[in-house]
Structure formats: structure tokens, C-alpha cells
Amino acid sequence: VSLWLLPQGGQRPRDLDLPSGGALAALIVVMLFGQAHDVLAPYEAGAATGQALLPPGLLHPLGTDILGRDLLSEAVHGLGTTVSAALIGVAVLLVAGHFAGLLAAHRFGRGGFIFRIGANVLASLPALLLAILFSALLVQGGAAFAVGLALAPHAFLRSFDRARVILAAPYSDYARASGVSAVELLKRELRHALREIIPVAARALASVTMIYATMSFFGFGAKPPLRDLGLMIASARADLAIAWWTAAVPAVTLILFILIARLAAGPEGERP
Amino acid sequence: MLRFARNRAALWIASLAGAILFAASIAALATPASSAGLAPFLGTILLEIPDLLRFDPGLSLVGGVPAIEAAEPALLVSARLILGGVPIALLVGCTLALLLATPETRRMTMAATVVAESIPLFGAALLVAAFSASLAAMGVAGEYALVLPLIVLIGFSGAVPVAVGFMRALRSHSGADGGRFARLGVRRGRVMRSDMLRQALAAASREAGNIALALFAAAAIVEWIFDWPGAGAGFIRAAALGDWNVVAVMIMTIAFLRFTLDFLGGLVCYALMGEEPPP
């Protein structure tokens, strides 16, 4: 649940003076940066490059960790791993949540309510715990998939309920009465949904990243030697008292990424 | 009202049936039939349902004690933490909603909220844990140095659904009646204040299920970080170790609480506002 979903009635995103366009550009740049981490990071992932626990300085701008790894490089690699996992989660969420909800409402009639109850049951558990449960049930390395599946019931419910409201509206009745088929109505709805895909995907990216990082922190995400931001924070936990930067660098990177994704999504307005 | 209550009751029963089926599927994983193919697995799920209806899914695969006995103390510990967080969630949530509803403070509050929402709870909990551990090491505070941060963190996490519900109520109220009052010369703030308590109660009751869920999710994270023996951390541990019977008990308990709160909260909201809450 996000406060971000609640603009004042009749207010457009622009009135809030929040830079959705700029943030979207920043998000794309960060994601590309993350994907090109092997080229852009000064050192290879996991390479010991200096003395252990060096504070930020000229040689290592963000310091080094307990194994002497350059934290700037590690944060870039960690961001890349996190972004890749989050993108998988977002794809699963969009298909199993948003699209499936729309399909169930349009194509399964009253039978769609059985799916809705199923989604409601899954949504009765916190998404984080559901993701951990799915991750434990799935094969090793399926954490990103599990996060997408865990968030999908919430998206399914929203998508299903919205589609049912639209289907019950007078203009849908007029469309049906004038010979527009159910498939055509679904196609129109999908076209509408695709127009909103960027803010929806950015919002999903923020949620997926948050849960994936938390799972990773608990040890359900990336498996060493592969490291993502959540795992980096978890492994820095023991050194927090003597070397704050080892946890602060991945934590700030993670927070900035989530913040940019949230700003890129912008406030969710009421559909006209 | 009667028709509304009947519909909500039907939804409550159907949702509980779904939760039992889901928990039975998880409990069935603890049996050897889970690896013997789909048909034996489905048969085991059906056999598990009567056990779950008696709230007896079998033994904990890790502790060897009945799963219900393994889960119960952890659930009670979490319940105490969550109940401690509820007043904080209500207080912070209502304040936040008022700040967001007031045009003069809205922009700054929104910006601060977006930043705060981008901070993963485990990061904040880690920081607080380090801080309270150093306080305890210095002897500045006793056991409160450990318990209080837990409750505060949980309470702050529950504040968002409270604020969302309260803001929705304020918006719908000021949208419908507010316009009429405005034409009569009554200021918007006065309209808001005059109906504040009813709005707050309606919002809290309508969002009771969401608030409980947010509080439980937050409890799971802080319990794990503070090594607290609660149900959230217990759920994570049980899932990691494949202790499916304990997981099934916890799923049933959480789902039961969630659906019951949704059901009762919907009725209270209807009684207070005279209109159906959204699905």
C-alpha cells in the first residue's frame, strides 16, 4: 500500500511538481548502467583490490569491505544483479497479476470470481512471507520469480475489480448492444492498459526491488559468489559498528534506485 | 444492512475455505505423497482438510512437537508486538493523512513520505538495532532499549495503510459534502474537523485487514533482525527448513485474522458511514 497512490481529486501529476519525466529518464539510465555493470565497474565482481575495511578515500572512493573489495565496483555489480532480478519479477507480476486479472474479468464471467477468491487468499499473507514461501517451494534461484508471483495477487485483485467496474458501466453495455464483441472489448481494455504500462511497471519495479532486496537480506535471494544489494547489506551487518560504509554504500544505492522508480511512476491518477 | 452483511459473510466463508485449501496444499508437502505424483498429492490435500478444520495439521518436522504447539508461542509474541504498534500506527497514520489533506503541508509531507517509503524496513531496523545495542552496551537503557524500537518500527510501518484509509475517507467526504458546505460558506478545515472521529474510525475499521497485514509484515522483518521469537521470524525459519505443517498453521491463522478483520471492519464502516466499502 502506498500513499503515492492518492493524489487529490482532480489534481494532475504535474500539479504535484514531482519530476516524473526526469525520474523516468534517470530510471532508464540507472537500469542501463546496472545492465552494463561488467563494463562500467572499475574492478571485477568479487576481486580483492586493497586493504580490508578502508574508509572512503582517493584510491577507493567508497571504501573497501572486509575482504578488501572495492565498494564502488561491488555496488555497481550488486545494482546490476538486483535490477536483473527485479525485471524478472516485474515481468511475472505484469503477466500473472495485471494481465491475468483483466483476462479473468473479461473471459471467465462469474467463474472469474473463483480466481478472485484464490487471489484474495494469497493476498491475505504479507507479500514478503508469500515470496519467501514461493522461493522455498521453487527451484534454487527462483527468488525473482517468487517475488513477482507473491505480488501478483494484489495486482490481480486491482485489475480484476477495475475491469469488472468498467464492464458493468453503461458505456460497456452500449458497446455490447452495438455489436462490439467481448474479445474486442478485451482488446480495447488491453490497449488502455498498455498506455499506462510505464507508470505501472515503474511502480511494480519499486515494489519488487523492495521485497527482493529484503528476501536477499534474509538469505533467499542471490547466492554467492553472485551478490546483490540486499546480500551486500546482510554481509556488512557484522562490520556495521566499525565500518559503517560497508552497509551504507549498498543501502544508499538501493534506496536511491527505489526512490527513482517511485518518482518515475508518479502518482496514480483516477482513470478517466 | 442485512443484505450487505450476508454478502460479506458469504465472502468471508469462501475466503476461509480457500485459505484452508491453500494451507492443506502446504501441509501436504510434509507427506511422502508430495513426491509420488500429482494424484496422490491431490488425495493427500483432501485428507489434510479435516485435520486443518480441527486445527491439527500434524507434527512439526523440525521440533517433533504438534505444529500448533510450535506455532502458538510465536504467534502470541507477535500479537503482543503488533498490538503495541497499533496505537503508533493510528496516531502517525492519522497525522500523516491530515498533513497530506491540508494544501499548505501537502507537498512537503508527500515528498518526505515518498522518501520514507523508499527506505527498506530492514535497513531502518538494522540501523535501529545497532543504535539500541550500543545504548544497551553503555547501560543507558535496559530491556526497553530493545522492545521499544521494535514496537516503534512496527507502528510506523502500519501507519501507511491507516493514512491511506483516512485520506480516502476525507477525500470522499470533502468531495461530496465538502462542496455543498463550501457553497454554504463553511471552510473545508471546519468540515474535516467536525467529522474527524467518525471518519477516522470508519477508515481504521475499513482498513483493519490491511493495517494488520502491514503490521505483521513489519513484525516479521524486525523479529528476524532483532532475533525475536515471533511468528514472522518463525514463518521464515519454517519455510526455509521445510517445516510445512508449522507454515500451514501460520497461514491459516494469518488468513483467518485477515478475513475476519475485513468482515468485521466492513460492517463497522457500513454502520458508521452508511455506504458500502470498496471490495
Side-chain angles (χ1 to χ4, degrees), chain A residues 1-10 16-18 113-114 116-118 120-130 132-137 157 160-161 164 206 209-211 213-214 217-220 230 233-234 236-237 240-241 244 247 251 254-263 267, chain B residues 11 14-15 17-19 21-22 26 29 96-97 100-101 103 106-107 110-111 113-115 117-123 126-127 130 133-134 160-161 163-164 167-168 171 174-175 207 209-210 213-214 216-217 220-221 224 232 235-236 239-240 242 247 250-251 254-255 257-259 262 278-279:
Chain A
V1 186
S2 169
L3 283 173
W4 200 224
L5 308 182
L6 288 166
Q8 289 282 29
L16 296 170
D17 270 344
L18 288 159
F113 283 97
I114 294 173
R116 193 196 182 282
I117 288 173
N120 200 29
V121 168
L122 293 177
S124 70
L125 281 179
L128 172 68
L129 298 188
L130 196 60
I132 287 173
L133 179 62
F134 285 150
S135 178
L137 291 172
L157 291 174
F160 182 89
D161 290 342
R164 294 300 303 180
T209 307
M210 182 81 88
I211 293 192
T214 310
F217 178 80
F218 289 162
F220 290 90
I233 298 169
R237 196 176 164 180
L240 193 59
W244 56 267
L254 181 65
I255 291 168
L256 284 178
F257 179 64
I258 295 172
L259 183 63
I260 290 171
R262 275 190 191 281
L263 289 174
Chain B
L11 184 66
S15 303
L21 194 64
F22 181 47
I26 298 296
L29 290 170
L96 202 55
L100 286 164
R106 176 176 160 72
R107 188 175 293 184
M110 177 64 93
T113 309
V114 172
V115 173
E117 276 193 302
S118 303
I119 300 172
L121 182 62
F122 73 87
L126 200 58
L127 204 62
S134 49
V160 171
V164 168
M167 267 192 75
R168 269 190 195 138
R171 268 180 65 199
S174 57
E207 295 292 330
N210 279 334
L213 208 63
F216 189 79
I221 294 170
W224 182 270
F235 184 101
I236 297 168
V247 172
M250 289 190 177
I251 286 175
I254 298 166
L257 286 174
R258 165 76 199 255
F259 295 139
D262 278 347

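Chain letters run A, B, ... following the sequence lines, proteins first, then strands; residues in each count from 1.
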- Item | Heavy-atom contact with chain B under 4.5 Å, split by part of A/Leu129 | both
- May I ask you to name which of A/Ile117, A/Leu130, A/Leu259 has the most heavy-atom pairs under 4.5 Å with chain B? A/Leu259
- With the side chain counted from C-beta on, respond yes when B/Leu213 and A/Ser124 share a heavy-atom pair under 4.5 Å apart, and no when they do not. no
- Looking only at A/Ile258, A/Leu254, A/Val121, most heavy-atom pairs under 4.5 Å shared with chain B are made by A/Val121
- Query: In terms of heavy-atom proximity below 4.5 Å to chain B, should A/Ala123 be classed as side chain, backbone, both, or neither?
  - Reply: backbone
- Task: Please work out whether the ring planes of A/Phe218 and B/Trp224 are parallel, tilted or perpendicular, with thresholds of 30° and 60°.
- Result: tilted
- Option in B/Ile254, B/Ile119, B/Leu21 with maximal non-hydrogen atom pairs under 4.5 Å from chain A: B/Ile119
- Message: Heavy-atom cut-off 4.5 Å, strictly under: side chain, backbone, both or neither for A/Phe113 against chain B?
- Response: neither
- Query: At what distance, to the nearest 0.5 angstrom, does CG of B/Leu100 lie from CZ of B/Arg107?
  - Reply: 13.0 Å
- Item | Interface moiety of B/Leu257 toward chain A, non-hydrogen atoms closer than 4.5 Å | neither
- Task: Take B/Ile251 and A/Leu125 through the side-chain contact (heavy atoms from CB on, under 4.5 Å) test and state the conclusion after the steps.
- Result: CA-CA 7 Å; B/Ile251 286 175; A/Leu125 281 179; 3.9 Å; yes
- Message: Using heavy-atom distances under 4.5 Å, tell me whether B/Val115 contacts chain A through its side chain, its backbone, both, or neither.
- Response: both
- If one checks every heavy atom of A/Leu256 against chain B at 4.5 Å, the contacting part turns out to be neither
- Message: Does any part of the side chain of B/Leu29, heavy atoms only, come nearer than 4.5 Å to the side chain of B/Val247, both counted from C-beta?
- Response: no
- Item | Structural part of A/Ile211 lying under 4.5 Å from a heavy atom of chain B | neither
- Side chain from CB out, backbone as N, CA, C, O: work out which of these in A/Ala213 comes under 4.5 Å of a heavy atom of chain B, or both, or neither. both
- Query: Does A/Phe217 have any ring pair (Phe, Tyr, Trp, His ring centres under 6.0 Å) partners at least two apart in sequence or in another chain, and if so, which?
  - Reply: B/Phe122
- For residues A/Asp161 and A/Arg116, determine if any side-chain heavy atom of one lies less than 4.5 Å from a side-chain heavy atom of the other. yes
- Does the side-chain contact (heavy atoms from CB on, under 4.5 Å) test come out yes or no for A/Leu133 and B/Ile26, once each step is laid out? CA-CA 10 Å; A/Leu133 179 62; B/Ile26 298 296; 4.0 Å; yes
